[in-house]
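Accompanying notes for the structure given below.
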Amino acid sequence: MEQITSVAAQILIAIIPIAGIFMGAVVVFFYLLWSHRRRILLIKAGHHSRPDFDLITFSLLAGLLLGSVGLTLTVFLAVVTGPTYGLLGGIIPLSMGIGLLIFHVIKRGKKAK
């Protein structure tokens, strides 16, 4: 009897994440569908305007966040594991953050001219 309960518990534990991922996918699907339909109706009615997106500010924010997280992970992984392939988990976001910050500086300089 104890073995059956253990197998049933293992099946339930395996199904819960699958059901959660499925429900999340359904929510995202319907959000995208209704957002698309709303946007189409606004375009047909002539009330749609493109949202403003500030790429320079976004690159600054993303660069700072990725750089700080990447630096923290790089230092932590270097101390814990040493120079292994696991260190790439910190070096990759660090280099992406530095790249975005360089992009921000270049674009800001061109915009000022």
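Residue numbers count from 1 along this sequence.
Taken to the nearest 0.5 Å, the CZ atom of Arg38 stands 9.0 Å off from the NE2 atom of His48. Taking CD of Gln10 as the start and CD1 of Ile15 as the end, the distance is 12.0 Å to the nearest 0.5 Å. Once rounded to the nearest 0.5 Å, the distance linking CD1 of Ile40 with OG of Ser35 reads 10.0 Å.
A continuous path of ILVMFWY side-chain contacts below 4.5 Å connects Leu33 to Val26, so both sit in one hydrophobic cluster. A chain of hydrophobic side-chain contacts below 4.5 Å, direct or via other Ile, Leu, Val, Met, Phe, Trp or Tyr residues, connects Phe22 to Phe30. Under the 4.5 Å side-chain heavy-atom criterion for ILVMFWY residues, a single connected hydrophobic cluster contains both Phe76 and Leu87. A single hydrophobic cluster is not seen to contain both Val80 and Val75; linkage of ILVMFWY side chains at heavy-atom distances under 4.5 Å, directly or through other members, places them apart.
Residue Phe53 places its CZ atom among more than 12 non-hydrogen atoms of other residues, nucleotides or ligands, all under 6.0 Å distant.
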For residues 60-70, tabulate all N or O donor-acceptor pairs below 3.5 Å that involve a side-chain atom, not counting sequence neighbours.
unit_1 : atom_1 : unit_2 : atom_2 : d
Ser68  : OG     : Leu64  : O      : 3.0
Ser68  : OG     : Leu65  : O      : 3.0

When the side chains of residues 92-100 are checked against the rest of the protein, which donor-acceptor pairs come out under 3.5 Å, sequence neighbours left out?
unit_1 : atom_1 : unit_2 : atom_2 : d
Ser95  : OG     : Ile91  : O      : 3.2
Ser95  : OG     : Ile92  : O      : 2.9

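Across all their heavy atoms, His104 and Ile56 have their closest contact at ND1-O, 3.0 Å.
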